[in-house]
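Following: one structure in structure tokens, then a few remarks.
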Amino acid sequence: MSFKTEAFVLKTRPWREADRLYYLFTPHEGIIKAVLKSAAKPGNKLSGHLLPFSKVRIMIGRGKMDHMAGAAVINDYTNIRTDLKNMSLASSVIELFLNQEGGGYSQLEFKLLEDLLTALDNQDMDQENKMLFVRIFLWKYLSLSGWQPQLDNCQICDKEITFGKYLPGRGIICREHSSNQGVIINRELVDFLKYIIKVDWPDLNNLTISKELNREWLKISQLFYQSVYERPSQALKLFLYG
Ligand SMILES: [Zn+2]
């Protein structure tokens, strides 16, 4: 059996003698691994197409081990590969995807990754804005992965609130709950978080954020990532302090 699918090339490595193994992210199955036979032999037409970060259309042959029967590039995001800063941001995001293993139906994550790579590939966007996009990406991505922060009700007493304290990994709580947990979060930031999680990317192109709000957001973001990821990866260090 074989099937066609779109995919992002996440990673590739040598496999057996002259083959290559590809880690691909697909909308319907999440991550799949597929072997390209004789990739290292001169004259293999497919292997040259399949660079990391590329969006490709591929034909997968199902077997004990999936193999690649055909491939065509849809977008190779050239500008990512030719700029070290873009590349390190893209690699960090890819690392998060690789850590998730499998994943099943992933249409929304697929679209999210595409939007982000498109932004990183955009030469008219400055580095500061790209960093902003990556941070927004993380909130969106984690929200899709079951870590959506609860920002409408207190996570302890369920009262409807619009600000209070932020409890990492969960959401907001009333200020008056006597607990050492949580840090103060103001209404502006709560509204901002709701907005970036909900809104589509095109609307984010004109996003402006005050220095003060940005500082508060960075602080909350660090607590959020730390509560989700036990071991801070290279990726997160970059997003947090880059
Ligand atoms: Zn409460």
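FYI, the numbering just counts along the sequence from 1. Below, all heavy atoms of this structure are taken into account, side chains as well, without hydrogens, waters or symmetry copies. Counting starts at 1 for both ligands and their atoms, following the listed order.
- Residue pairs satisfying the side-chain hydrogen bond (donor to acceptor under 3.5 Å, both in side chains) criterion with at least one member in residues 58-83, sequence neighbours excluded, are listed as follows: Glu29-Arg62, Arg62-Asp66, Asp76-Thr78.
- Protein N/O/S atoms found under 2.8 Å from the Zn ion (ligand 1), listed by chain and residue number: Cys154 SG, Cys157 SG, Cys174 SG, His177 NE2.
- Between Lys165 and Glu176 there is no salt bridge, since none of the side-chain N atoms of the basic residue sits less than 4.0 Å from a carboxylate O of the acidic one.
- By the 4.5 Å heavy-atom criterion applied to side chains, Val93 and Phe137 are counted as neighbours.
- Legend: residues meeting side-chain hydrogen bond (donor to acceptor under 3.5 Å, both in side chains) with Lys130, ordered by chain and number and at least two apart, are Asn86.
- Judged as a side-chain hydrogen bond (donor to acceptor under 3.5 Å, both in side chains), the pairs with a partner in residues 185-194 (not counting sequence neighbours) are, in order, Asp152-Lys194.
- The 12-atom threshold is not exceeded at CZ of Arg16, counting heavy atoms of other residues, nucleotides or ligands nearer than 6.0 Å.
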